[in-house]
Each structure stands twice: as structure tokens, then as C-alpha cells.
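Heavy atoms only: backbone and side chains are in, while hydrogens, waters and symmetry mates are out.
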Amino acid sequence: MGRRYGLRGPWVLRGLDLDLPAHTLVRIEGANGVGKSTLLRMLAGIDAPTEGRVTGRPRTAYVPERFPAALPFTAAGYLTHLGRVHGLPAAEAAARGQEWLARFGAAGYARTPLAELSKGTSQKVAVAQALLAGPDLLVLDEAWTGLDTEARGELDRAVAERVAGGATVVFVDHDPGRLAGAVGLAYRLEDRTLTPVPASPGDDGPRVRIEATGRPSAALPPELPGAPAVERDAGNPAAIRLTTSAAYSDPLLHALLTARPPWHITGLSQLPAPVPASVPAAAPAVAAADVTPRPAPGAGPTGTADAAPEAVSLPAPLTRPVRPPGRRTAAATRYQAALPARSQRWLAPLLLYAAFLGIGVRAGQPLLDSLGYAAAALLPVAAWLVRLSVTQEPPAARAVTAAAVGPSRAHCASLLTGLGYALALGGAGTGTVLLMSAPVSTGHTVAVPHLPAALAGLLAAGCSALLGGAVGALCARPVLRHHGWSLAATVSAALLALVTDGSPAKAAVTDLVTGSLTGTVRLPLLPAAGAAVVAVAVAALTARLAALRE
């Protein structure tokens, strides 16, 4: 596959051919600006390749280098929303969010608004959202940046646990010793393509030796985490020694303690990292304190332990299957709907629509005229609401959501949010007009039936909301990215949609106004159908562009 920005822009990546197997930790190396983040975004499904394709992508989670704090949630509230977006039931998402905050030492900030968190604590929240649903593909773009030493070590262990659990983890980090000895595949990105990097003895990092005993006939579990070197004691067939990378020590202990029958841990010790031959013996080895294994419960100064299986600190397994993509899209829509509601960004469009109604609707005015005016006033407000919904999420947070459900679904969720707010506003405006206006014709000579008039008003409002939503979608990202151009285009396009012949919104409003002259109610069915077709087409187009141009 390949990737470039713009139709004629230079290629950032070209000719990449990469297979990412399960149970594998993959490191991507390269100088700044060579396209590492672009590659990770494509692997996570946030951006689509310009040429070629990515196939077989499993459930995915993504952690950006810098996670924004400009989200109107507490840390626990955000994790609950994202857990549901990843496919977990609400209760389990909340519980696992608390567990991961505790693991990263941020449990005390669970009820703190994200905007009040430090950069490091915000990054812990970003890492927690990616880990709480146990993704099969975990993509980390310098996720360790901003974390304290203990949190970095915890993330190292969490990565090893995911790999041991069968996941694929792809990461970039500025520290060349990050997860040393645990990496299964390594590639260097240069000249727009990937080159395999062979492992070297100097990359092994700190090692851990685990001593265990079991029944004489007991076999080791298959596919032990970290592929440890196994030595058997010739004098005691029931005793074994396993040597592995420190990053895999916890998952390996868990595998031994939970085997059937379980193994009894008799010793745990850390070995020094190998010193490359080119380095003098007196030179100190590179320290890797971040991957120091947790001491086994009950271990004394000698490093021996008499542990029970439940003593190893690992995340609890999922108690329910992850929900299908349709449910996850609904969860993404609820998350998108909560963003403007909690930030009160809906208040300005609401006040604008209320001002329109206050100016143009008076008690005792002909009903159909007032319904037509209310429907026309809704169109620019709907465009504003959809544009607001599409642009409300900071780019890094939007990338996290896109990795969880796909950029097209995430974009559709934001469109549905804006449209839902517009339809609710249109329904409220129609109800207000029905209460205030007189059910008569323009000349106050013919009675207008309430129920058909209400249905016609709702259809006209829905027509304006759909067409306004299409305008808002076309005048925001990913079609228009510059704020000034986007705002000007939204205002201009909304006005044109109201006055241009052939516009479904104009046709619906005209049906109400002309029907008011004779007291005849005309249901704007054809304009409503036309507006629905336009809205669906625009949603499909912009959703596709969201995958190409995020």
C-alpha cells in the first residue's frame, strides 16, 4: 500500500507490504518526519491508503502521542463512553475503566474533569481507553510520552499481556530500548518503505528467571508468553527454569499459575541485560527500570515465592462478548451526542432558533404560514448543528474513536448527532407554532384541520433539517477544513437551499405557504423524500472522504 496527501502531493509511503501475525509485538523505527505516524494511522484504520489496501484488521484500539484534555467528561465518564464504543456493556465498561485507572495510578482522578488533568494523567486516560476492551490490534504512537516511570512500566506489562493473550501490538517510541527483548518483529521506515531490522544481542534488555515445580508428568502450557528458554533439572524432573524478557514475566507467571495442573513458583530473579561485544565490560549496561517485573506475592529478599494463582495482578477477563459493529455505532452516536450536551455548545443554535421564532411567529397568525416560517428558519440552524457535531471532537480524540469503530462510522455518528438535535428542535418548534397559531387560512376565512397541518409542519421541518444537515456536512471537515471558509460556505449554502428553485426545502415551505391562501393542507411528501435522498448521498460521500482525508 501507499499514502500521499492530495491528488498530486508527494508520496509519504509507497510500496509497503506487511503481514502482522497474532501473538506478536512489532516495533517501527525511523527518523522524525518519515511517516511513522501515517503508517500507524493506516494500520489502525483511521486513514485509508491512497493505493493498495489493508485486509483482515481485527478489533482495534489506538493511542496517540498527545491526547487532548478538551473533552467535557470526567476521566471515568470518558472511559465508560469509549468502553461502550469499543463494544462493552455500560456496567462492564465503567468497571474496567476504574481498574485500568487504578493500574496506572490515576484512580484518584476518576471524577476529575479531563480539562483539569495534567498532560501525564490525560495520557494515562488515553492508554486506559485502548486497553480496557482487550483489542486484538493495539497501535501505540509514542504512547509512553508524558507518562511517569511507574506508568511506563505498567504500560510495558500491559503490552506484554496483550501479546501473550494473542493480540498484535504495533508501536513507535523515541526510546530505542523500549520493550527490549520482547519485540518479535522490527522494521525501519526510510525512503517511503519498510526494511526489516534484525534483532541484535544488545536489544535483549533485562531478563527474568522463573523457577517452578510441578507434577512429574505435567506438561508446560502451549505457546508460553515471551517464548522462554526452558531448562529442566536433571536431578529433579519436576523442576524447571524459564528465562524470558522482563516485559513478559507477569504473563508468564500467570500462565504457569493458572495452568491445569498449576505450577508452583519456587524462585524469581532478575538477570542482568547482556552487554554488546562492542561495549567494554566496564561500561554500564543500559538501565530498563520501566520493565522491572512485579515481585511475586510472598517473595522475600531471596526472590522466592509461594504464590496462589489469584495473586498475580492481571486485568479481569471480559465477562460478556464484545458487541457487534451496529451496537458500537449506536454507542459512538451516544458519545457524540454527549459532547455538545455536556459542553453546552447546543445553546447558541437553540437561542438562534428561538430568536427566529420569536421574531416571525405571533399568537393568532395563520397556522400554515407560521409552520412554513418555522421550517425555513430551521434549515440554517440544522446546518450549524451538524457542522458543530462534525467538528466538536479534537483531532486526537477523533482518531481514537475512528480506530474503535472506523472513520466512516465515527463520521456518520457525528452526522446523526447533529441531525438528531435538529429534528428535536424542529419538533419543538412545530409544537410551539401549533399552540400559538390560529388554525385558519391566510384570510381567516377557512378553517385548517390541526392534525394534517401538524403532519405537514413536521414533514417540512424534517425536510429542512435533512437539507440543512447535508449543507452542514458539505461545509465542514473532511470537505472543508479552514474554519473561515467553512463558516462562510455554511451561511451561503443554507440561504441558497431556501431560495433556489428545485430545492426540497423551498418546495416544502412553498407548499405550506400557498396552501395557507386557500386553507388547503398539502403534505410535502415528495420534497421530504428528495431531502432524504440528498442527505443520505451527502452522508455516504463525506463518510468515505473521512476515511481518506482524516
Side-chain angles (χ1 to χ4, degrees), residues 22-26 40 43-45 58-65 67 75-89 92-107 109-110 114 117 120-148 150-173 178-179 182 225 247-248 250-251 254 290-291 294 312-320 322-323 328 331 396-397 399-405:
H23 285 282
T24 305
L25 179 62
V26 184
L40 294 191
L43 294 179
R59 289 190 306 108
T60 304
Y62 170 77
V63 181
E65 178 183 359
F67 185 72
Y78 176 75
L79 291 179
T80 300
H81 273 293
L82 265 290
R84 298 180 71 180
V85 171
H86 280 291
L88 297 180
E92 188 158 5
R96 292 182 69 82
Q98 294 283 358
E99 291 175 10
W100 281 104
L101 285 177
R103 282 193 62 172
F104 286 105
Y109 297 96
L114 288 177
L117 297 179
T121 307
S122 295
Q123 191 67 11
K124 292 177 182 179
V125 174
V127 172
Q129 65 79 26
L131 293 168
L132 57 83
D136 299 311
L137 173 61
L138 179 60
V139 181
L140 307 175
D141 189 358
E142 300 197 23
W144 289 264
T145 301
L147 298 180
D148 54 62
E150 292 184 2
R152 289 180 183 179
E154 194 61 49
L155 179 53
D156 289 343
R157 286 184 282 270
V159 166
E161 291 163 9
R162 288 307 313 137
V163 174
T168 304
V169 180
V170 185
F171 77 99
V172 168
D173 193 68
R178 177 67 57 206
L179 292 169
Y248 281 104
D250 280 356
H254 184 263
D290 293 348
V291 294
R294 297 188 190 95
V312 177
S313 175
L314 288 173
L318 297 178
T319 58
R320 299 183 188 179
V322 173
R323 291 178 173 179
R328 292 159 62 190
V400 167
T401 309
V405 295

> Are the side chain of Ser122 and the backbone of Gly120 linked by a donor-acceptor contact shorter than 3.5 Å?
Replying inline: no
> Any idea which heavy atoms bring Leu117 and Ala75 closest together, and the distance?
Replying inline: CD1-CB, 4.3 Å
> Which residues pass the side-chain contact (heavy atoms from CB on, under 4.5 Å) test with Glu142, sequence neighbours left out?
Replying inline: Glu65, Thr145, Val172, His174
> Would you call the rings of Tyr78 and Phe67 parallel, tilted or perpendicular, where under 30° means parallel and over 60° means perpendicular?
Replying inline: tilted
>> For Arg96 and Leu79: C-alpha separation, side-chain torsions, deciding distance, then whether side chain to side chain contact (heavy atoms under 4.5 Å, CB included) applies.
In response: CA-CA 9 Å; Arg96 292 182 69 82; Leu79 291 179; over 6 Å; no
> Shortest non-hydrogen contact from Arg178 to Asp173?
Replying inline: NE-OD2, 3.4 Å
> Can you find a heavy atom in the side chain of Trp144 that is under 4.5 Å from one in the side chain of Leu155?
Replying inline: yes
> In Å and rounded to the nearest 0.5 Å, what is the CZ to CZ distance from Arg157 to Arg103?
Replying inline: 7.5 Å
Give every donor-acceptor pair under 3.5 Å between a side-chain atom in residues 123-140 and any protein atom, sequence neighbours left out.
residue: Gln123; atom: NE2; partner: Pro64; partner atom: O; Å: 3.0
residue: Gln123; atom: NE2; partner: Ala143; partner atom: O; Å: 3.2
residue: Lys124; atom: NZ; partner: Phe104; partner atom: O; Å: 3.1
residue: Lys124; atom: NZ; partner: Asp148; partner atom: OD2; Å: 2.9
residue: Gln129; atom: OE1; partner: His86; partner atom: NE2; Å: 3.2
residue: Gln129; atom: NE2; partner: Tyr62; partner atom: O; Å: 2.9
residue: Gln129; atom: NE2; partner: Ala126; partner atom: O; Å: 3.0

> Can you tell me how far the CG atom of Leu82 sits from the OG1 atom of Thr401, to the nearest 0.5 Å?
Replying inline: 5.5 Å
>> Less than 4.5 Å apart, side chain to side chain, heavy atoms only: is that true for Phe171 and Val159?
In response: no
